[in-house]
Amino acid sequence: MSLLALDELHVHYGAIHALKGISVRVERGQIVALVGANGAGKSTALRAVSGLLRPSGGTITFDGKSLAGVAPHDVVRFGVSHVPEGRIVFANLTVRDNLDLGAYLRRDRAGIQEDREKIFRLFPRLLERKNQASGTLSGGEQQMLAIGRAMMARPTLLLMDEPSLGLAPILVREIFSVIREIRDRGTTIVLVEQNARQALAIADIGYVLETGTIRLCDRGAALLDNPYVQECYLGGGAA
Amino acid sequence: MQELLQQLANGIAWGSIYALIALGYTMVYGILRLINFAHGDIYMVGAFAAYYLARLTNAGGANPSPALALAILLGSMLICALLGVAMEYFAYRPVRKSSRLTALITAIGVSLFLENLGIRLFGADPKFFPQLIAPRSISLGGVMVTNHQITVVIVSVLLMVSLSLFIQRTRTGKAMRAVSFNRDAASLMGIPVNRIITITFAIGSALAAAAGVLVGLTNPKIEPLMGIMPGVKAFVAAVLGGIGSVPGAVIGGLLMGVSEYLVVGYLSSTYRDAIAFVILILVLLVKPAGLFGRNIAEKV
């Protein structure tokens with residue numbers, strides 16, 4: 001059984017039909033990338049899984065349980081964490097408080113402490129700034145904090161929305177290597193990206209979304225070699 | 001000099017009450033971006049709740065007991081906390097996804113409802129608030145203060161310090177700040193946003209109730225429309241301090257109280273109410289974000 005299964009998922013924003021019946025499978029331990037242009041429905045799919053949007057049709061099954069219509073704060077209890085687009089760290093709180101809020105539903109102080117230290121090992125720059133208001137961090141540091149904060153819930157599945165957006169190339173590489181590391185430590189990842197090349201390079205499976213439907217689905221490496229993907233999403237050049 | 005110190009002492013005691021009310025405005029604004037115009041009326045209900053609790057328990061007789069006074073204060077805070085929760089649930093939650101103007105008009109409606117319900121239930125004529133603590137005047141280096149004023153300041157400071165610790169240190173307090181920053185992102189942490197909003201209304205309303213009881217102590221005439229003017233002035237205090245800012249509400253409230261008494265002492269008590277609006281206009285002209293207005297650098 002897949003860890004996450006979207007079946008014929010529809011989402012409407014008022015009159016706009018943003019997702020027109022997409023089906024996605026995510027197996028345990030995979031990185032699954034959803035790539036596509038602005039407005040293709042990638043973020044919409046993530047927001048439906050995490051409960052921020054209510055689907056108008058279809059099913060979302062996580063670990064055998066239905067997630068459709070579950071409130072966002074309850075979805076976290078199922079073991080699904082969402083790193084939102086634009087990071088949205090709590091700028092008025094310190095780095096440490098942001099991480100602690102990521103563990104809001106947990107009561108095991110020792111475990112929280114341990115995970116906080118793990119995050120600081122993964123992102124040493126956050127440790128240096130742990131008592132700083134997170135609004136003062138750079139964009140890359142905020143992205144690290146947003147990822148660390150989501151990991152504090154000890155999720156089984158991590159949903160990541162455009163983690164590379166607006167970052168310098170060196171930081172993009174760093175973020176992608178962290179994503180791989182998180183997966184290697186056992187967290188399954190669904191990655192939404194406009195940076196198709198990087199995303200497909202680390203993805204086991206990739207889906208190409210176009211205007212609310214799935215255009216292609218294949219192994220990440222195969223999509224990188226696909227002439228259509230190269231033409232439309234990789235700038236027409238050789239990878 | 002003596003005169004100035006005297007007016008400052010009066011102003012600080014009075015300003016503490018504004019500060020307590022302003023805290024509720026600023027907390028609710030911080031979390032919902034809603035100016036809860038009914039907040040001044042909660043303060044009125046707080047005073048009446050204490051009035052009836054005092055009558056029920058025969059407090060304020062010949063031998064006032066401080067323990068009973070404290071119990072009445074807490075009882076009134078609890079009643080208003082529940083009222084605040086009900087107000088949010090029945091009036092504001094249904095319009096939360098509508099425009100801010102809808103919510104604002106709803107708040108004015110709730111305010112009128114509470115005022116008129118107050119007139120219906122309590123009667124329009126003023127009631128004499130019982131003496132929960134026997135009055136005494138104390139001279140501090142020539143400045144005359146009453147033990148009631150001292151009580152007001154002490155209780156206010158205790159409440160403000162507790163609130164500040166709660167918001168800064170506790171898990172729920174941090175969740176409140178997260179919800180106030182971004183509701184969706186907070187819910188993605190597993191924070192139950194509706195429950196946090198409920199808690200915010202409960203705390204803000206309890207603080208207003210405390211202000212109502214304290215004002216009954218120092219100005220023992222209470223009536224159902226007593227919340228209108230202090231409500232407006234505490235709102236100005238919150239704007240002066242920077243709406244959404246908790247320390248701003250406290251400073252704003254104290255500044256309002258002190259400037260009111262300076263006007264009374266040095267100009268004329270006729271202008272006592274006008275100063276609030278002068279301050280409001282000046283703030284909006286010079287520093288619309290208020291003294292502690294939030295200007296957080298958000299990098300994208």
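The candidate from B/V193, B/N182, B/I191 with the greatest count of non-hydrogen atom pairs under 4.5 Å with chain A is B/I191. For chain B, the option among A/L167, A/V89, A/L93, A/I88 with the highest count of heavy-atom pairs below 4.5 Å is A/L93.
Applying the side chain to side chain contact (heavy atoms under 4.5 Å, CB included) test between A/F90 and each of B/M189, B/K174, B/R177 identifies B/M189 as the sole match.
A/Y104 carries B/R171 over the face of its six-membered ring, with the cationic atom under 6.0 Å from the centre and within 45° of the normal.
The neighbour count for A/I170 CD1, taken as heavy atoms of other residues, nucleotides or ligands under 6.0 Å away, does not exceed 12. Heavy-atom contacts from other residues, nucleotides or ligands closer than 6.0 Å to CZ of B/R93 number more than 12. Within 6.0 Å of the NZ atom in A/K65, the count of heavy atoms belonging to other residues, nucleotides or ligands exceeds 12. Crowding of B/Y89 atom OH: a count of heavy atoms from other residues, nucleotides or ligands under 6.0 Å not exceeding 12. Heavy atoms of other residues, nucleotides or ligands lying less than 6.0 angstrom from CZ of B/R96 number more than 12.
Annotation for A/N92 and B/S180: closest pair ND2-OG, 4.3 Å, computed over non-hydrogen atoms.
Residues of residues 46-53 of chain A lying under 4.5 angstrom from chain B, judged on non-hydrogen atoms, are A/R47, A/S50, A/L52 in numerical order. Residue-level contacts of residues 73-82 of chain A with chain B, in order of numbering, are A/H73, A/V76, A/H82; threshold 4.5 Å between heavy atoms.
Considering CZ of B/F181 and CG of A/N98, their distance stands at 9.0 Å, rounded to 0.5 Å.
Considering only heavy atoms from C-beta on, A/P84 stays 4.5 Å or farther from B/D184 through its side chain.
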